Amino acid sequence: MKISYLPPQQYPYSKNEKQSETPIKLLTLFIWLVFVASMWVQSCSGIGYMYGSISPVIKSTMGYNQRQIAALGVAKDIGDAIGFIAGSLCEVAPIWVVLFIGVAQNFFGYGLVWLTVNGTLPELPLWVLCVCIFVGTNGETYFNTGALVSGVQNFPKSRGPVVGILKGFAGLSGAILTQVYTMFNFPDESAIIFVVAVGPTIVILSVMFIVRPVGGHRQARQSDNTSFLALYGVCLILAAYLLAVLILQDLVNLNQPTIIALTIGLLILVLLPVTIPIFLVFFSPKSHDPMEETLLIENQNPDVILSEVEDETSSELDSLQDAEREKRISHLQAKLVQAAADGAVKVKKKKGPRRGEDFTLFQALQKADFLLMFFSLVLASGSGLTVIDNLGQMCESLGYENPHVFVSMISIWNFLGRVAGGYFSEIIVRKYAYPRPVAMAAVQVVMAFSLFYYAMGAPGAIYIVSVVMGSCYGAHWAIVPSAASELFGLKSFGALYNFLALASPTGSLIFSGVIASGIYDYEAKIQSQTVGEGEALTCYGTICYSITCGILSVLCLIAVSLSMIVVYRTKRVYAKLYGNQPN
């Protein structure tokens with residue numbers, strides 16, 4: 001058995017830092033303000049979700065055909081997927097620098113598109129607009145990376161709730177920005193592009209110096225659970241309110257004062273989380289639990305830790321029951337730590353990190369667990385994104401006249417899935433010390449059955465698919481980043497996250513661009529021979545997407561098997577990480 005030293009950045013606080021110099025309440029207040037500010041950053045960072053509203057304006061104003069609009073969409077998807085620079089920059093630069101670069105890209109990219117569409121600038125070539133949309137959308141990778149990196153580093157013991165809430169607000173950002181645009185009632189429809197360029201710029205410039213990793217908060221405090229539960233309540237209220245507003249606007253022709261009042265109510269709910277840290281610090285009763293008054297790492301010596309358990313335990317320990325094995329390992333750890341301190345044993349340094357320690361992206365790419373997670377994400381998350389991207393045409397093929405209702409519905413469920421994915425996966429690891437990827441396997445099973453239900457042409461399948469695919473797709477983006485940070489560390493979390501983010505567009509490029517579109521065009525051509533020449537090439541009926549959904553269902557089942565392999569391989573890692581913690 002070997003002993004390995006913790007890297008300096010994982011110490012509770014630096015050698016020259018004294019806990020008494022920073023009042024715990026003020027430190028807690030600031031950490032929670034950072035998290036709330038990160039939520040506000042995320043609430044306007046889902047720029048890519050606005051493309052469905054922007055593209056019709058560009059198409060009608062510029063006179064583009066569908067192929068040219070598709071080219072702009074590809075530029076948007078590429079910009080949304082490439083986040084390596086943002087991830088690498090987080091390791092060497094302050095978070096505010098990362099956020100500022102994202103603001104600059106978003107403002108200038110979509111600002112030029114707006115000036116072109118409204119006629120202020122002469123008409124630019126298509127390739128220039130593609131570059132502008134690529135640059136503008138790529139700005140959101142800086143927003144996402146900055147907010148997530150600061151969140152998981154400030155709350156390393158609550159990664160599931162942190163990632164779930166932050167990614168959830170990113171999923172809602174499109175609906176929030178759309179509602180803000182509706183409130184102002186601009187006479188020019190191109191103003192929605194102006195809102196996309198200016199809205200995130202104003203919000204993020206206001207809070208970018210607040211969002212940062214804060215040293216010292218390494219211990220999970222009991223009050224954190226209460227605060228996260230309060231935030232979950234706010235998230236549920238926000239989702240229900242936004243869904244009610246969308247349905248009301250669709251069913252009733254509201255006047256402008258009513259729309260303004262509803263939008264102000266929405267913005268109040270977005271700002272409401274700031275009251276939670278204030279109440280926590282100044283109005284909550286004082287805890288008598290000594291664990292509330294310490295920032296030390298729980299169940300961990302600050303100087304040394306044991307290396308990866310499954311590689312180090314002997315066959316004798318493997319034969320013991322879990323509880324007894326943990327007791328024996330803890331006893332051996334204490335003896336070895338003391339022996340190392342006394343000079344009785346020689347500490348052997350490892351050649352590279354082990355799971356649960358800090359990896360660089362290059363080192364993670366050499367691990368089977370990371371690659372298994374990535375390809376599982378390609379199959380399942382790519383399938384989810386394929387359904388989301390084609391939901392409008394799926395509704396049209398079934399004869400629904402208002403597909404935007406389903407699009408709004410899937411956006412709300414996407415938000416709820418991200419929040420729920422973080423919440424329930426955290427219960428799995430904390431209460432049962434079981435690998436977090438098992439939650440990913442569970443949602444992939446649900447995805448497979450819902451896609452199979454649609455493939456069978458069952459009644460109400462479009463409603464089932466909208467709810468299930470929206471929520472399960474969102475859940476992936478709360479579970480996977482949290483699991484990656486646990487298995488491969490926080491030091492290069494930005495780079496790891498942005499590599500995993502490539503999975504969805506990679507899968508969608510194949511599943512939507514080749515499989516779904518190819519089957520749709522094939523069925524549409526068969527129907528066009530019956531309908532007659534000269535009419536639009538449109539497919540009608542469940543056959544348009546039933547075969548596609550059947551194929552995607554099989555792919556999701558393959559993803560389940562990959563996820564379960566990761567679960568099997570990481571059982572002991574999670575037992576070591578969470579097994580000794582109180583439920």
Side-chain angles (χ1 to χ4, degrees), residues 77 80-81 160 163-164 167-168 170-171 368-391 394 410-411 413-422 424-425 428 435-455 461 464-484 487 496-516 545 547-570:
D77 290 337
D80 195 18
V163 175
K167 292 297 293 180
D369 296 326
F370 187 79
L371 296 177
L372 287 169
M373 288 174 58
F374 177 78
F375 286 113
S376 176
L377 201 57
V378 168
L379 296 175
S381 183
S383 297
L385 187 59
T386 297
V387 172
I388 293 173
D389 288 344
N390 290 275
L391 187 62
M394 291 173 70
I410 208 169
S411 176
W413 284 102
N414 185 3
F415 165 72
L416 292 175
R418 296 181 186 210
V419 174
F424 289 109
S425 68
I428 291 172
R436 195 183 297 268
V438 75
M440 184 167 66
V443 298
Q444 289 165 351
V445 170
V446 178
M447 291 175 71
F449 278 105
S450 68
L451 288 167
F452 181 76
Y453 187 80
Y454 187 95
I464 301 295
V465 166
S466 298
V467 171
V468 171
M469 298 306 290
S471 57
C472 291
Y473 172 79
H476 276 84
W477 293 108
I479 299 168
V480 174
S482 302
L487 295 174
L496 297 172
Y497 164 75
N498 281 291
F499 182 86
L500 292 170
L502 289 172
S504 287
T506 300
S508 178
L509 181 65
I510 301 172
F511 307 152
S512 182
V514 178
I515 298 176
Y545 286 96
I547 298 176
T548 298
C549 287
I551 295 173
L552 296 181
S553 177
V554 174
L555 294 177
C556 286
L557 291 177
I558 298 174
V560 172
S561 64
L562 297 180
S563 298
M564 290 307 298
I565 293 174
V566 178
V567 170
Y568 176 77
R569 289 171 55 88
T570 58

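Remember, predicted model here, so these are calculated numbers, not experimental data.
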For [X] and [Y], work out which heavy atoms get closest and say how close.
X      : Y      : result
Ile479 : Gly421 : CG1-O, 3.9 Å
Trp477 : Lys167 : O-CG, 3.2 Å
Leu377 : His476 : CD1-CD2, 3.6 Å
Cys556 : Ala448 : CB-CB, 3.9 Å
Gly160 : Ser482 : CA-OG, 3.5 Å
Gly168 : Phe415 : O-CD1, 2.8 Å

Enter the distance from [X]:[atom1] to [Y]:[atom2] here, rounded to the nearest 0.5 Å.
X      : Y      : atom1 : atom2 : answer
Arg436 : Thr570 : CZ    : OG1   : 11.0 Å
Ser381 : Leu502 : OG    : CG    : 11.5 Å
Cys549 : Ile515 : SG    : CD1   : 11.5 Å
Asn390 : Phe511 : CG    : CZ    : 13.0 Å
Leu379 : Ser383 : CG    : OG    : 6.5 Å
Ile551 : Thr386 : CD1   : OG1   : 11.0 Å

request  = Indicate, with yes or no, if the rings of Phe374 and Phe499 have centres closer together than 6.0 Å.
outcome  = yes

Please check if the side chain of [X] supplies one atom and the backbone of [Y] the other of a donor-acceptor pair under 3.5 Å.
X      : Y      : result
Ser471 : Val467 : yes
Ser376 : Ala559 : yes
Ser512 : Leu509 : no

I'd like to check [X] versus [Y] (side-chain heavy atoms, cut-off strictly below 4.5 Å). Are they in contact?
X      : Y      : answer
Met373 : Leu487 : yes
Arg569 : Leu372 : yes
Pro481 : Leu500 : no
Tyr473 : Ser504 : yes
Val387 : Leu451 : yes

query = Is the number of heavy atoms from other residues, nucleotides or ligands within 6.0 Å of OH (Tyr453) greater than 12?
reply = yes

Leu562/Val566 under side-chain contact (heavy atoms from CB on, under 4.5 Å): CA gap, chis, key distance, verdict = CA-CA 7 Å; Leu562 297 180; Val566 178; 6.0 Å; no

inquiry  = Please determine whether side-chain contact (heavy atoms from CB on, under 4.5 Å) holds for the pair Phe449 and Val468, giving the CA-CA distance in whole Å, both sets of side-chain angles, and the decisive distance to 0.1 Å.
reply    = CA-CA 10 Å; Phe449 278 105; Val468 171; over 6 Å; no

